[in-house]
**Student:** 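Have a look at the structure that comes next, please.
Below, chains carry the letters A, B, ... as their sequence lines are ordered, and counting in each starts from 1. Just the heavy atoms: all of them, side chains too, but no hydrogens, waters or symmetry mates, feed the values below.
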Protein chains: 2
Amino acid sequence: MNRPNPATDPCSLARGLAEVGDWWSLMIIREAMYGTRRFSDFQQNLGIARNILSDRLNKLVERDILRKVDAGEHGTRFEYRLTDKGRDLFVVLTALRQWADKWVFQNEPPFLLVDRISDRPVQQVQVLDADGQPLKLHQVAIAAS
Amino acid sequence: MNRPNPATDPCSLARGLAEVGDWWSLMIIREAMYGTRRFSDFQQNLGIARNILSDRLNKLVERDILRKVDAGEHGTRFEYRLTDKGRDLFVVLTALRQWADKWVFQNEPPFLLVDRISDRPVQQVQVLDADGQPLKLHQVAIAAS
DNA sequence: GACATTAGTTTTAATTTGCAACCTTATTGA
DNA sequence: TCAATAAGGTTGCAAATTAAAACTAATGTC
């Protein structure tokens, strides 16, 4: 890691990646979004090594993406639950999921994200301008804030 | 990498992550979105080791996210340009950028993404249902397609 | 012809990962 | 009561990945 120190990089993207841009971290977050909360469930569902899982869970707790909660009366079992910050990654993961639906599965993905109530697929995530018009990459710029 | 083989995982998210879910790959894609095209420019702007850059550029070309183009007449200089598939990651990176703007920079990021023409900031990326209503994590489900 | 630039590859060392085994504290059950 | 099992780790070691630096090789420039 000789990245131009991600923790002080002024680019939000780099800083965001420094917090969650790691395969296992993102898989753990996905798993948490599916409802998984226990160490051994993460371990079995993901097939991840226990030391790596332990390390990633600790980092995600440090970064306030997961919260470690006492479950069961006597403090020997725990649950890892998404915080608001963690839940807010939903849109990021959804955008990536849709990208892969389109480009990896050629628009024929095995699973679809649907609205629980109507059971209809969610819309394609987009970048919109202030008037609600879709924007392409070449139509945007980075401005000092 | 003893991940339950990402290349055959039926989850789009896992498959997407297997293609771009790597710190350097995403930084290279960001850099490409800013307009960088040459090996040495990527190298200098990112401060990445040359062997790692070489490896990641090759993988991104393999995955059809970048295209390697002869620049200059005689074939000793090249450009790496985003493909449509690569450009389509714009919304994913924008969602992550906005997440970090909010949660890492507490809504006071050093830079903002703006619409080139009006110079106004882009809207917050959202997950919308079929009627255009914003959806939260707990309002969606995964359905076989 | 001498030197610089571009785009790498090679080599070596440091770091990270994966795997297996072990540990500690409950809880179950015979 | 005592063994067995489960949860949630930690430790040690081998293997894989990464970083930094040096080295190539093909033009291009003075």
**Student:** Side chain of B:Ser40, heavy atoms from C-beta onward: which of C:dG18, D:dG9, C:dT6 has the nearest atom to it?
**Tutor:** C:dT6

**Student:** Could you please name the option among C:dC19, D:dA7, C:dA7 that lies closest to any side-chain atom of A:Arg77?
**Tutor:** D:dA7

**Student:** Taking the basic N atoms (NZ, or NE/NH1/NH2) and the acidic carboxylate oxygens, is any pair closer than 4.0 Å for B:Arg56 and B:Glu62?
**Tutor:** no

**Student:** Report, one line per pair, each donor and acceptor closer than 3.5 Å where one atom sits in a side chain of residues 138-145 of chain B; sequence neighbours left out.
**Tutor:**
unit_1: B:Gln139; atom_1: OE1; unit_2: B:Lys136; atom_2: N; d: 2.7
unit_1: B:Ser145; atom_1: OG; unit_2: A:Pro109; atom_2: O; d: 3.2

**Student:** Send over the distance from B:Asp22 CG to C:dT16 C1', rounded to a whole Å.
**Tutor:** 14 Å

**Student:** Rounded off to whole Å, could you give me the CD1-to-C1' distance for the B:Ile48 and C:dG8 pair?
**Tutor:** 13 Å

**Student:** Test the B:Lys68-B:Phe78 pair against the cation-pi criterion, namely NZ or CZ under 6.0 angstrom from the six-membered ring centroid and within 45° of the ring axis.
**Tutor:** yes

**Student:** Expressed as a whole number of angstroms, how long is the span from A:Asp41:CG to D:dG8:C1'?
**Tutor:** 12 Å

**Student:** Roughly how many Å is it from CD in A:Gln43 to P in C:dT17, rounded to a whole number?
**Tutor:** 17 Å

**Student:** If you check the A:Ala49 side chain, which of C:dT17, D:dA20, C:dG18 turns out closest?
**Tutor:** C:dG18

**Student:** List the residues meeting side-chain contact (heavy atoms from CB on, under 4.5 Å) with A:Asp88, not counting sequence neighbours, and say none if there are none.
**Tutor:** B:Trp99, B:Lys102, B:Trp103

**Student:** Expressed as a whole number of angstroms, how long is the span from A:Phe78:CZ to C:dA26:P?
**Tutor:** 10 Å

**Student:** Please give, in whole Å, the distance from C:dA7 P to B:Asn45 CG?
**Tutor:** 13 Å

**Student:** Starting at atom CD of A:Glu79, determine the distance to atom C1' of D:dG8, rounded to an integer number of angstrom.
**Tutor:** 14 Å

**Student:** So, is A:Trp24 close to the C:dG18 phosphate, meaning a side-chain N or O under 4.0 Å from OP1 or OP2?
**Tutor:** yes

**Student:** Is any NZ, NE, NH1 or NH2 atom of the basic residue among A:Asp41 and A:Arg37 found under 4.0 Å from an Asp or Glu carboxylate oxygen of the other?
**Tutor:** no

**Student:** What nitrogen or oxygen pairs link the protein and nucleotides 9-11 of chain C at under 3.5 Å?
**Tutor:**
unit_1: C:dT9; atom_1: OP2; unit_2: B:Ser54; atom_2: OG; d: 2.9

**Student:** Could you give the CD-to-P distance, from A:Gln44 to D:dA7, as a whole number of Å?
**Tutor:** 8 Å

**Student:** Do the side chain of A:Gln123 and the main chain of B:Asp129 share a donor and acceptor less than 3.5 angstrom apart?
**Tutor:** yes

**Student:** So, is A:Arg38 near the phosphate of D:dG8, with a side-chain N or O under 4.0 Å from OP1 or OP2?
**Tutor:** yes

**Student:** Under 4.0 Å between any heavy atoms, over every strand shown, what does B:Tyr80 touch: base, sugar-phosphate, or nothing? Just pick one.
**Tutor:** sugar-phosphate

**Student:** Please determine if B:Asp70 and B:Arg77 form a salt bridge, counting it only when a charged side-chain N lies under 4.0 Å from a carboxylate O.
**Tutor:** no

